[in-house]
Each structure stands twice: as C-alpha cells, then as structure tokens.
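Below: the structure, in structure tokens.
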Amino acid sequence: VYVATLSGIYDLYVDLSVDPIPVEISGSPFAPRIMSASTSGPDCTVELFRTEEQPTMAGARAEFRIVARDRFGNQREGRDSGQAAEGDRFMVTVEQMQHAAQIELVYYDRYAVAASETGGILRECTYEPPGIEHLICDTGTGKYLARYQPTVAGIYKVSLLYQSDEFRISPLRTKVNPATLRNNGHINSWAFGEGLYEGISRKPATFTIQARDRFNNNATAGASTEMFTVFITGKEYIYDCASDEASSYNRECTRVDDL
C-alpha cells in the first residue's frame, strides 16, 4: 500500500530480494498514473488574468482561465481524461467598485450543445455563442475559460467560487478604461460653459468639452486634446492653435487644454 499526493505518472519497481543482487519481477517497473483528488475551491487558481496594470478597454473582451485544483495543489485532469465536467460549479462575479455595473458569468455547456444542436461537433471555447457575452467554458483539460465584456469604466473586483467555497486568491482586482474616442466618441461628448454663448471683446472666452466614449464613460484615460479641434467663424475667423493654419496667421488662435 502506498499513498501519493502529487498527480502524474510514476515508475514503480518491484524486486525479488535474491542475494547478492535483487531481481525485478516480470513487468517491473510499472507505470501507475496517479490522478488528482476532488476539486477544492480554496486551492483553485487562475492564469492569464489582467491586473490593474493591464487594463481592458470598455467594449472589448476580457478573458482568463480558471485552473481547477485539488487540496494538494494538483491540477484536475478534466473531462478529456474521464473526469466529470464541473463548469456549472464555478461562479464568477465581476463587480465595479462603485457598484455601477455587475456581471455574472454563466456556464456554457459546449458538450450538451454538441449533443443537441451541432450534430456532435464540439465547438472550441474560443467560439462565442450567439447572445452570450459573459461565460464560463470547460476546455476539457481541467481549465475553464472565463470571458466577459465590460462596458462601464472603473476598477472591478472579481469574485471566484467553486460551489460555496471561495478561492483563496479571491477577490482579484482589474481595471476597465474608457473606449477609444475614435469609435463614435462624438455621439456622447458634450460641451458646456459661458464661452459657448457670450464673451467680451479682447478677453478670453472659455468653455469645456467633456469627452465621452460610445458607452457614455467620461474619457478620463486614453483621451487626447488632439482629438478635438475648435474653429470659430463670424465677424472674425479664429483658428485652432493645433491646426496647420497656426503657422500661417499672426492673429490669436484658440487653444484646447487637457483638464
């Protein structure tokens, strides 16, 4: 009888103790494969997780992998090795720290879909099922793809549970930046201030532009003053300091400053 705690393939030698040199019996060494024990929630880990230093852009996919492990830290072998699928036992919640958004990932059972909808064809987890933006998908290897697509900018906490047991590393923190303004940023951006309506001759008139992405996030990161140009026409032509015309005129130009 022996007890192993690390999964994998071992070399098992059985010798007949004959003087002066022990002799291996027929078939020795044997190669037993030690499988992992049952999944332990606190010992599960993640990989390829984007931290606050690696932010996701609003509207873009964010992905990481859950690694199912037993209480000894062994990675589970997964469904491809004959173990039961456990994707429905994992719970992932992605919550914005100011409670402006919360995302619950749902289990996408690609094995059931293959049996009932795709004629036995098993789709890869990288395939995006229609209508499912936030999902957990069993890769069959003891790892589970977790995917979500946030649209609200900010700092998020990601809570991870296996059944009712929280991962020891949970919650994690990640960051979502506003989307680029080049993609429909003009729709939600707006301007305010006295300079939009009146001014005094020879005195600066000012107003503020609030840049917003297509999801209505204030563009507090990733924006640039070069994204906006301001021209004023009427009795006098006032041009943007950043424009190509700035080198051609001696008159005062209008300047766009980043606040």
Side-chain angles (χ1 to χ4, degrees), residues 49-64 92-105 128 130-135 146-159 171-259:
F49 184 85
R50 300 176 73 94
T51 63
E52 293 180 66
E53 289 72 34
Q54 302 167 306
T56 300
M57 184 177 291
R61 283 180 177 178
E63 294 183 354
F64 62 93
V92 179
T93 303
V94 184
E95 183 181 6
Q96 208 245 26
M97 298 294 282
Q98 283 73 42
H99 308 291
Q102 181 171 304
I103 300 171
E104 300 281 350
L105 276 62
E128 182 180 7
I132 303 180
E133 296 176 341
H134 320 299
L135 60 83
R147 176 192 301 149
Y148 59 99
Q149 193 167 346
T151 57
V152 178
I155 304 297
Y156 284 74
K157 69 174 182 179
V158 181
S159 301
L172 299 172
R173 286 168 62 100
T174 189
K175 184 179 181 181
V176 176
N177 280 344
T180 175
L181 297 179
R182 296 185 184 278
N183 188 352
N184 292 328
H186 65 285
I187 294 177
N188 294 318
S189 296
W190 63 296
F192 59 93
E194 186 176 315
L196 293 172
Y197 310 103
E198 62 182 3
I200 299 175
S201 178
R202 308 304 297 171
K203 289 188 177 182
T206 62
F207 62 93
T208 300
I209 300 170
Q210 175 59 67
R212 286 182 174 171
D213 67 13
R214 66 185 187 275
F215 302 110
N216 220 27
N217 296 302
N218 288 343
T220 54
S224 169
T225 58
E226 296 178 1
M227 296 293 296
F228 295 95
T229 55
V230 178
F231 297 93
I232 304 173
T233 60
K235 295 284 186 177
E236 185 178 8
Y237 178 55
I238 304 175
Y239 55 92
D240 195 308
C241 294
S243 70
D244 294 336
E245 297 174 332
S247 60
S248 303
Y249 292 95
N250 294 322
R251 297 197 303 271
E252 186 70 21
C253 59
T254 183
R255 189 176 69 250
V256 181
D257 294 323
D258 189 350
L259 301 179

**Asked** Among all residues two or more places apart in sequence or in another chain, which pass the side chain to side chain contact (heavy atoms under 4.5 Å, CB included) test with Thr151?
**Response** Phe215
**Prompt:** Residues in side chain to side chain contact (heavy atoms under 4.5 Å, CB included) with Ala100, at least two apart?
**Reply:** Gln96, Val152
About how many Å separate [atom2] of [Y] and [atom1] of [X], when rounded to the nearest 0.5 Å?
X      : Y      : atom1 : atom2 : answer
Arg61  : Thr56  : CZ    : OG1   : 12.5 Å
Leu172 : Tyr156 : CG    : OH    : 15.5 Å
Glu133 : Leu135 : CD    : CG    : 10.0 Å
Arg50  : Glu63  : CZ    : CD    : 10.0 Å

**Message:** Please enumerate all residues that pass side-chain hydrogen bond (donor to acceptor under 3.5 Å, both in side chains) together with Arg212, with sequence neighbours excluded.
**Reply:** Asn218
**Message:** According to side-chain hydrogen bond (donor to acceptor under 3.5 Å, both in side chains), who are the partners of Thr51, at least two apart in sequence or on a separate chain?
**Reply:** Glu53
**Request:** For Glu104, enumerate each residue passing the salt bridge (Lys or Arg N to Asp or Glu O under 4.0 Å) test, keeping only those at least two apart in sequence or located in another chain.
**Result:** none
**Message:** If the condition is salt bridge (Lys or Arg N to Asp or Glu O under 4.0 Å), which residues does Arg173 pass it with, not counting sequence neighbours?
**Reply:** Glu52
**Message:** A side-chain contact here means heavy atoms from C-beta on lying under 4.5 Å apart; do Val92 and Val94 qualify?
**Reply:** yes
**Request:** Taking atom CD of Glu194 as the centre, report whether more than 12 heavy atoms of other residues, nucleotides or ligands fall under 6.0 Å from it.
**Result:** no
